[in-house]
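So that the names make sense, note that chain A is the first sequence line, chain B the second, and so on, each numbered from 1.
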Amino acid sequence: MPPTRDEVDAQLEELGARRLFEKVLSATDVRGGAVPGDRVVMPKRNTETHLPELESQAGVVLDVEDLEGQRYRLRLTYWTNSPSSGRMYILEGTSQLLQHYRLRTGDALVVARTGDGGLLMAGQRKQASRAGATCSRADCINKLGLALTLL
DNA sequence: TTAGCATGCATCATA
DNA sequence: ATGATGCATGCTAAT
């Protein structure tokens, strides 16, 4: 079971990393093609502001580590989509990372920057939706506390 | 209406 | 046949 948001944040703080953004996984992100979850569609805004700029469609190779120090070699590229959108960003080679955290549709991929400037990515458990949310007593109290601090 | 993205799908490679 | 790759299509939320 993937770590909760709070658990991820705690780990990040321990490692001296700062959270950049996260991507909620869609069905196609998780079951891409034959290789499950090998390519993830990345949000355009966050990708362009936080990740290295892409000169060409060849993309860039990203050296990434997870919360356990495991290393992955991922490739960031883009597709040119018909007029509506200029670019659509794709992260390739993610299947191992997704499997490591047992990520399913609705869970999220967290992107962070480590203290020494490296990239860190981690899995994060799906946030319970408010409507008909069934959560444990402890979780509900926890969420209430979080909501209050956000006010 | 448009931008952004989930997903479908045509095409090419591999075996 | 099966899988990989890149583009097209259409839905939805923000403008």
Length of the CD1-C1' vector between A/I90 and C/dA8, whole Å:
13 Å

Residues in side chain to side chain donor-acceptor pair (under 3.5 Å) with A/E22, at least two apart?
A/R5, A/R19, A/Q124

Who passes ring pair (Phe, Tyr, Trp, His ring centres under 6.0 Å) against A/Y72, sequence neighbours left out?
none

For A/D6 and A/T4, which I'm curious about, is there any donor-acceptor pair between the side chains at under 3.5 Å?
no

Closer than 3.5 angstrom, by distance alone: can the side chain of A/K23 be matched with the main-chain N or O of A/V41 as a donor-acceptor pair?
yes

Find the distance A/R87:CZ to B/dG4:P and express it as a whole number of Å.
13 Å

The correct set of residues in residues 71-78 of chain A placing a heavy atom under 4.0 Å from DNA chain B is none

Sequence-distant partners of A/D63, salt bridge (charged side-chain N to carboxylate O under 4.0 Å, His left out), two or more places apart:
A/R71, A/R73

Ring pair (Phe, Tyr, Trp, His ring centres under 6.0 Å) filter on A/H100, not counting sequence neighbours, yields none

When you measure from the side chain of A/V41, which nucleotide among B/dG4, C/dG6, B/dC5 comes out closest?
B/dC5

What protein N or O atoms touch nucleotides 8-11 of chain B N or O atoms at under 3.5 angstrom, if any, and at what distances?
none

Looking at residues at least two apart in the chain, or sitting in another chain, which of them share a side chain to side chain donor-acceptor pair (under 3.5 Å) with A/N46?
none

If I take atom OH in residue A/Y89 and atom P in nucleotide B/dT7, what distance separates them, rounded to the nearest angstrom?
21 Å

Separation of C/dG6 atom C1' from A/M88 atom CE, nearest Å, is 11 Å

Test of understanding: with side chain to side chain donor-acceptor pair (under 3.5 Å), list the residues that count as partners of A/T105, not counting sequence neighbours.
none

Sorted by chain and number, sequence neighbours left out, side chain to side chain donor-acceptor pair (under 3.5 Å) with A/Y89 holds for A/E48, A/R87

With sequence neighbours excluded, residues passing salt bridge (charged side-chain N to carboxylate O under 4.0 Å, His left out) with A/R31:
none

Ignoring backbone atoms, test whether A/S26 places a side-chain nitrogen or oxygen under 4.0 Å from the OP1 or OP2 oxygen of B/dC5.
no

Have a look at the helix from B/dT1-C/dA14 to B/dT14-C/dA1 and give the angle its two end axes make, five pairs each, rounded to 10 degrees.
10°

For A/D107, give me all partners under salt bridge (charged side-chain N to carboxylate O under 4.0 Å, His left out), at least two apart in sequence or on another chain.
none

Distance in angstrom units between A/E92 CD and C/dA4 P, rounded
11 Å

A/R31 has an atom CZ; how far is it from atom P of C/dA4, in whole Å?
17 Å

To the nearest angstrom, the CG-P distance between A/L91 and B/dC5 comes to 14 Å

Taking the side chain of A/K44 as heavy atoms from C-beta outward, which of B/dA6, C/dG6, B/dC5 is closest to it?
B/dC5

B/dC5 P sits how many Å from A/K23 NZ, rounded?
8 Å

